[in-house]
Structures are given as structure tokens and as C-alpha cells.
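What follows is a single structure, written as C-alpha cells, with notes after it.
Since this is a predicted model, take the numbers as computed values, not measurements. Every chain is numbered from 1, with letters handed out A, B, ... down the list of sequences.
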Protein chains: 2
Amino acid sequence: MKHFITIKDIARELNISVSTVSRALRDTYDVNVETREKVLEMAAKLNYKPNFNATGLAKGSSHNIAVILPFITNYYFSTVITGIQEIAYQSGYTIVLYVTNDSPERELDIIKNLPITSLDGLLVSIASNSDASGHFEEVINNGIPVVFFDRVANHIETSKVMQDDYNGAFEGVEHLISNGYKKIAHIAGPASLTFTQNRLKGYQDALSKHNLPISEDWIIHSGFSQEDGKSDVEQLLKCKNRPDAIFAANDRKAIGAMLTLKSKGIKIGKEIGVLGFTNDPSSEIISPSLTTIAEPALEIGKKSCELLLKHISKKHFHPEEVIFPGKLIIRESTSKV
Amino acid sequence: MKHFITIKDIARELNISVSTVSRALRDTYDVNVETREKVLEMAAKLNYKPNFNATGLAKGSSHNIAVILPFITNYYFSTVITGIQEIAYQSGYTIVLYVTNDSPERELDIIKNLPITSLDGLLVSIASNSDASGHFEEVINNGIPVVFFDRVANHIETSKVMQDDYNGAFEGVEHLISNGYKKIAHIAGPASLTFTQNRLKGYQDALSKHNLPISEDWIIHSGFSQEDGKSDVEQLLKCKNRPDAIFAANDRKAIGAMLTLKSKGIKIGKEIGVLGFTNDPSSEIISPSLTTIAEPALEIGKKSCELLLKHISKKHFHPEEVIFPGKLIIRESTSKV
DNA sequence: GGTAATTTCGAGAACGTTTCCGCTATTTTA
DNA sequence: TAAAATAGCGGAAACGTTCTCGAAATTACC
């Protein structure tokens with residue numbers, strides 16, 4: 001029924017052996033140029049497509065890499081995947097996609113059932129409360145390289161690529177300060193993630209440097225959605241000592257915050273400054289436009305994939321940590337005038 | 001080196017044959033409950049993971065489906081993938097991702113080099129000027145089912161799922177008319193795509209129904225980006241007879257249009273009404289908020305995947321065309337007051 | 001208590017490829 | 001011109017499963 005042209009068909013047609021066909025199709029050594037050309041010709045004529053299950057079985061390596069991440073429905077992750085995909089495509093790798101919905105259980109289930117025998121490597125950004133680190137280590141011990149990006153598991157020794165969360169936050173908050181804001185709140189991401197810790201640290205250090213108060217009331221941890229931004233800001237507005245600026249862990253939250261501020265008639269910039277992180281396209285669309293720290297999502301995707309491919313090709317490639325600088329993009333939401 | 005636990009290891013450990021282990025691991029028939037339990041126990045103990053290359057080879061079916069689409073960095077497609085992924089995950093299928101960047105050449109290259117021998121089916125949304133339809137048919141003839149979504153290849157006989165582009169456009173334009181707009185322009189997508197034709201038809205028919213003029217000057221075909229929306233609107237504003245409303249093929253273009261209108265000091269709604277299509281989250285963020293026709297992206301993804309799975313399981317599943325209704329979401333951009 | 005039916009299992013081929021080994025011719029070397 | 005090297009190819013095992021067939025052991029039947 002579903003019969004595909006195989007190497008055997010070519011061999012039979014040409015009256016030569018399968019081993020010769022196999023060699024002709026890949027290597028250039030040990031096979032006469034003439035027979036080689038005849039094979040290629042016949043392969044084209046019969047429209048031969050290699051069976052990757054078979055090659056995978058025989059060679060012990062498919063050309064698949066898995067990408068595991070929390071979401072794809074946002075600017076950052078979809079752009080990272082685009083970068084990954086670009087490099088993978090160039091190098092003849094295909095990508096297998098797993099999305100965890102940011103659920104630790106789902107993540108665990110995925111990683112437990114991973115077809116590691118047909119995967120050459122993993123690219124992963126962990127879930128918010130991931131408890132799969134043991135399983136990732138197991139995968140690594142099985143000889144499958146893993147590269148983390150953005151949301152990294154920091155006690156696992158392997159390559160990681162991320163943006164400079166600390167300095168990005170630091171610069172951003174300094175920008176707020178230099179624009180005259182003094183009571184700066186931070187609506188942060190889940191405390192478990194390394195990068196929220198780094199952004200928080202950057203925020204705190206910037207405040208300290210300029211002798212501004214750090215208040216626990218002004219630091220709220222929650223999720224990354226627009227809704228989270230809204231509820232966080234509601235909470236902030238209830239503080240006896242109301243902040244005059246908000247640094248959000250990402251643009252989505254910042255936009256949520258702006259939307260409720262606007263709905264309450266609070267002037268963004270003038271009364272309360274807002275700073276985001278990511279440079280989501282929406283940050284330019286909203287009015288007033290949102291000042292933010294741009295993350296090089298595409299580069300992060302590309303670099304992650306490049307590193308993974310190095311791990312795959314070189315047996316003992318030394319793990320690298322790559323940190324891309326962010327870029328402060330100043331817009332209207334942090335201007336008092 | 002990279003040695004994985006196999007079925008043979010389990011067999012040797014338990015002093016039984018591989019065939020018994022194989023049966024025990026899958027079927028429930030033809031194997032004693034006790035031995036079955038022993039096998040499962042040992043498999044768990046040794047941390048056995050099935051080799052999908054081997055099963056794929058032996059059974060002639062991997063559990064992979066390919067998803068081929070133009071982009072993933074937008075709301076619509078990333079949401080569709082999320083829906084696909086949801087169903088695939090539930091059903092034990094994994095998804096292999098290919099993105100064409102909306103390039104016909106890239107698409108062709110991808111489809112030509114598809115590992116069809118390790119793919120159970122395809123989910124595809126074609127590139128703007130796709131010339132790969134012959135290759136898609138070839139894939140289908142090879143016994144690999146294909147389901148198209150959104151951007152369908154309409155002369156290929158297989159299942160398709162899309163939104164109701166015609167009626168969505170029709171309703172949307174009628175809404176504009178009922179709000180008092182009389183000179184309605186349409187900034188459309190690439191003419192080659194079926195759905196831009198349908199939206200265009202809906203637009204024209206709504207105008208005809210209400211005896212409003214249809215002017216070729218008011219219909220502009222270009223791409224789907226925000227930039228396209230901007231340049232389209234520049235062109236419209238140059239018309240001797242300036243339109244008083246713009247129906248954009250999607251929200252991105254609509255937002256591009258709004259941005260330039262705003263920059264020119266033209267009051268959106270009051271002077272020129274704007275209508276989008278998609279219900280991208282940005283449509284709610286922009287000010288004034290954008291009236292649009294919501295597409296059920298998640299449902300489209302789910303349904304596509306369900307249909308594909310039916311095609312895969314049932315030998316001769318009759319192709320279905322599923323059309324989801326859109327939903328007009330009325331916001332500020334189409335109000336004159 | 002003998003036959004028939006059923007349950008449980010093993011042997012071995014098959015899936016499509018790669019790769020090691022060895023066999024001929026042919027060419028090179030001394 | 002004989003010996004050695006090499007180029008080109010085929011045979012066959014191997015990768016990890018599934019699956020068909022049939023054998024052995026157990027149970028059911030009268």
C-alpha cells in the first residue's frame with residue numbers, strides 16, 4: 001500500500017548492490033564516479049526519499065532537535081523559535097516542538113516521554129516552577145546535549161544563553177531615576193525563575209546606588225500575563241505610600257498596568273512612569289508608547305541553536321554561557337513632561 | 001557509548017524472548033498477566049525508553065505530524081499551533097515544525113525534502129505565492145494525509161479548515177455602513193490567497209447590497225505587515241476621492257493604518273473608520289481600540305489536528321471542509337461619535 | 001482419558017539503512 | 001615481470017522493533 005522507493009529499488013534497477021547505492025548516495029569515496037552518477041540519476045528518476053527512521057536506526061542519530069518551552073503565543077518565544085528554526089534549517093536539522101503551557105507537570109510528562117532515541121539534542125526554556133531538572137540531567141547523561149535559553153536551570157552544567165537581565169533592569173531603573181521618579185515599584189515574575197531574580201537584583205541595586213528606598217510593598221511577584229499586570233497594579237495603588245513609577249518584568253505586564261492606570265484616569269508618565277522589558281511590538285502601539293528594554297530574541301534563538309549543534313558535533317564541547325546585552329528603548333511612558 | 005536500554009535487555013534480564021517483551025509492552029492479549037507485570041516492572045526499573053526509529057521502521061508509522069506554515073511570530077499562527085499541539089499531545093503525536101517565511105522557494109524546498117517516511121500526516125497553511133501544490137498532491141498520493149488550514153490550496157481535494165472569511169467581511173462592512181460610513185476602502189492581502197479573495201468578495205457584496213460605490217482606487221493589495229498597512233493608507237490618502245472608512249485584511253495592517261492616520265492628525269472613527277480582521281490582542285491595546293472580526297484561531301488549530309488524525313486512522317476518511325464563523329467585535333475605531 | 005480448544009510463548013523474518021570485511025581487478029612500484 | 005598497493009564493489013551483520021507462524025502447555029469438553 002504505502003510503499004516508498006528504497007535503496008533496494010535503485011540497486012535492483014541498476015543491477016548493483018545496496019551497499020554501493022548507499023555509498024554513492026552519501027560518500028564520494030570507494031565508489032566510481034560513473035556508478036555514482038548513475039545512482040544519483042536513478043534516485044532522482046524514481047524520486048527516492050531516504051527513510052530517516054532507517055538511517056536513524058543504523059547511524060544512531062536522527063537529525064532532530066527538540067524545542068521545549070512554556071508558550072509560543074508571545075512575541076519573545078515565537079521570535080526565539082524563528083531564530084532557532086533558521087539555523088536548524090540551514091544545517092539540515094528539523095525541529096520537534098513541545099510546549100509545556102508553563103505547567104511543571106506537563107513539562108515533566110513531556111521530558112519523561114521524550115523520544116530521546118530519535119533526538120540529537122534539546123533546546124529548552126523551563127516552566128515557572130519546573131521540577132524536571134533531574135530529568136534533564138538524566139537526558140544529558142544519556143549523551144543528549146541540552147542547551148537552555150532564557151529560563152535556565154542554573155545548577156545544571158551545560159550551555160545557556162540569555163539576555164543580560166541584571167544590567168537591563170539596572171539601566172532601565174536608572175533611567176527612571178534620572179527622569180525624576182523616586183518611588184519605584186517592581187511588578188516581577190515568578191520568584192522561582194533565575195531571570196526574575198536577576199531583574200529584581202538589578203532593580204534593587206539601582207535603587208541602592210541612588211539611595212532610594214526599597215520597599216517590600218512595592219515588589220509584587222506574579223505571572224507574566226496582561227491580567228497579572230492589571231491585578232498587580234491594583235494592589236500597588238492600595239499602598240498607603242503610592243509609588244510614582246512601575247518597572248514591569250515584561251511588556252505584557254506593563255501594558256496590563258497601563259491599561260488599568262488609564263482606566264482610572266491616572267496619567268502615565270506624568271503621574272506614574274511605566275517601564276517594561278522585552279520590546280514586544282505592542283509596546284510601540286500602545287499610547288503612550290512604552291519605554292522598555294529590548295531583548296534580542298532572534299539572536300538568542302540563533303545562538304542557542306548554534307551552541308546545540310556544536311555540542312552535537314563535537315563530543316566534548318565545553319559548555320558556554322552567552323549573555324546578550326539588552327537595549328534601553330526610551331519612549332513616552334517614562335517621561336514626566 | 002550512547003547506549004540505550006532496549007527490549008533485548010529486558011528480555012535477557014527476565015529470561016524471556018523479545019517478542020514476549022514487545023507484546024507485553026503494548027498489547028494486553030497473548031501474554032500472561034504475571035509476565036506482563038514483570039516486564040513492565042523491569043522496564044520501569046531499567047528506565048526503558050522505546051526507540052521510535054525502530055518502531056517507525058517496523059510499523060511503517062511514526063507518531064509525527066508536520067506543521068508547515070508561513071510564520072509563527074503573530075497571534076493567529078502561534079495560537080493555531082497551540083491548538084494543534086494541544087490535540088496532538090493528547091493523542092500521543094508529536095509535531096515537527098517547518099516555517100516557510102512565506103517564501104514559495106523555501107516552501108518548495110521544505111516539501112521536497114520532507115521526511116515523508118517518518119511522517120504520518122501534514123498540517124499546512126501555504127505561502128502567499130505558493131507553487132508547491134503539485135508536491136502536496138504527490139505527498140497525498142503517497143498515502144500521507146494533508147489538511148490545510150487558513151491559507152488553503154483550493155484545487156487539492158483534502159480536508160480544509162478555515163474561518164468564514166466571506167461572511168466575516170460582509171458583516172464587518174455592513175457594520176461600517178450602518179454606522180454611517182459610505183466611502184469604504186479595502187486594504188487587502190496578496191491577491192493569490194483564497195481568503196483574501198473571499199474577504200474581498202464579502203466586502204464588495206456588502207457594498208453592492210447597500211448601493212454603495214465600489215472603486216478600484218479604494219482596493220489595494222499588498223502584504224500583511226504593519227508596514228504594508230502604513231504604505232497602503234498613504235496611497236489611499238492621495239486619492240482625489242478620499243475614503244471615509246478602511247477595512248483592513250487583518251489587524252496588523254489596520255494598526256499600521258491607524259498609526260499613520262494618527263500621525264497625520266486624522267481622527268480615527270470620527271473622520272475615518274477602521275475595521276480589522278483577526279482580533280489580535282493588539283487590537284484591544286491600541287487607542288482608539290480597533291473594531292475587528294475575531295477568528296477562532298485555537299479552534300481552527302484543534303479542528304485541523306482532529307481532522308488530520310481522522311485521516312490518519314481511518315483509511316478512507318472523506319475530506320471535510322470546516323468553516324468557523326467569525327465574530328464581529330465592535331470597539332471604538334468604527335464609531336463616528 | 002482422549003481429543004479439541006485455548007492460552008502463552010519463542011523463532012525468525014522483516015522494515016531500510018549503514019558499515020565492516022573481504023574479494024576481484026587494475027594499477028603502481030621496484 | 002613479479003609483488004604490492006589500491007580502487008571498486010558485494011555480502012552480510014547490525015540497529016531495535018513488530019508480527020506472523022507455529023510449538024508447547026494448559027484447560028475445557030464429553
* Nearest-Å distance for atom pair CG/P, residues Leu57(A) and dT18(D) -> 12 Å
* Mind checking whether Phe317(B) and His311(B) have parallel, tilted or perpendicular rings, split at 30° and 60°? -> perpendicular
* To do: Ignoring backbone atoms, establish whether Asn51(A) has a side-chain N or O less than 4.0 Å from OP1 or OP2 of dT17(C).
  => no
* Candidate nucleotides dT17(C), dT17(D), dG10(C), ranked by approach to the side chain of Ala58(A) - the nearest -> dT17(C)
* With Arg106(B) as the cation and Tyr98(B) as the aromatic partner, state whether NZ or CZ is under 6.0 Å from the six-membered ring centre and within 45° of the axis. => no
* Remember a base hit wins even if backbone is also touched, and classify Asn32(B) as base, sugar-phosphate or nothing at under 4.0 Å, heavy atoms. => sugar-phosphate
* Asked: Counting only side-chain N and O atoms of Ser22(A), is one of them less than 4.0 Å from OP1 or OP2 of dT18(C)?
  -> yes
* To do: Fit a plane to each ring of Phe136(A) and Phe148(A), take the angle between them on a 0 to 90° scale, and name the class: parallel (under 30°), tilted (30 to 60°) or perpendicular (over 60°).
  => perpendicular
* Would you say a side-chain N or O of Thr6(B) is under 4.0 Å from OP1 or OP2 of dG16(D)? -> no
* **Distance, rounded to the nearest Å, where Leu46(B) contributes CG and dG16(D) contributes C1'** => 15 Å
* To do: Answer with base, sugar-phosphate or nothing: what part of the nucleic acid does Phe52(A) contact at a heavy-atom distance below 4.0 Å?
  => nothing
* To do: Report which part of the nucleic acid Thr55(B) touches: base, sugar-phosphate, or nothing (heavy-atom distance under 4.0 Å, all strands).
  => sugar-phosphate
* For Glu34(A) and dG8(D), give me the distance from atom CD to atom P, rounded to whole Å. => 10 Å
* How would you label the contact of Thr117(B) with the nucleic acid (heavy atoms, under 4.0 Å): base, sugar-phosphate, or nothing? -> nothing
* **N/O (side chain, Thr20(B)) to phosphate O (OP1/OP2, dG10(C)) under 4.0 Å** => yes
* Answer yes or no: does atom CD of Glu320(B) have more than 12 heavy-atom neighbours from other residues, nucleotides or ligands under 6.0 Å? => yes
* To do: Round to a whole Å and report the spacing from CD1 of Ile10(B) to C1' of dT17(D).
  => 12 Å
* **Candidates dG10(C), dT17(D), dG16(C) - which lies nearest the side chain of Ala54(A)** => dG16(C)
* Under 4.0 Å: is that the gap between some side-chain N or O of Arg26(A) and OP1 or OP2 of dT19(C)? -> yes
* Asked: What is the distance, rounded to the nearest whole Å, between atom CG of Leu25(B) and atom C1' of dT18(D)?
  -> 12 Å
* Asked: If only atom types and distance count, is the side chain of Asp9(A) paired as donor or acceptor with the main-chain N or O of Thr6(A) below 3.5 Å?
  -> yes
* Asked: Looking only at side-chain N and O atoms, does Ser19(A) come under 4.0 Å of OP1 or OP2 in dA12(D)?
  -> no
* When the distance from CD1 of Ile5(A) to C1' of dC15(C) is rounded to whole Å, what number comes out? -> 16 Å
* Structure fact -> Nearest-nucleotide check on DNA chain D, Lys59(A) vs Val21(A); residue mapping nearer the 5' end is Val21(A)
* To do: Starting from C1' on dT8(C), measure out to NZ on Lys38(B) and report it in whole angstrom.
  => 13 Å
* To do: Please report, rounded to the nearest Å, how far the P atom of dG16(D) is from the CD1 atom of Ile116(A).
  => 13 Å
* Asked: How do Ile7(A) and Arg23(A) order along DNA chain C: which one's closest nucleotide is nearer the 5' end?
  -> Ile7(A)
* Asked: Picking from dC15(C), dT8(C), dG10(D), which would you name as closest to the side chain of Asp30(B)?
  -> dT8(C)
* Asked: Without hydrogens or angle criteria, can the side chains of Asn129(A) and Ser192(A) be said to hold a donor-acceptor pair below 3.5 Å?
  -> yes
* To do: Kindly point out which of dC15(D), dG10(D), dA11(C) is positioned nearest to the side chain of Ser17(A)?
  => dG10(D)
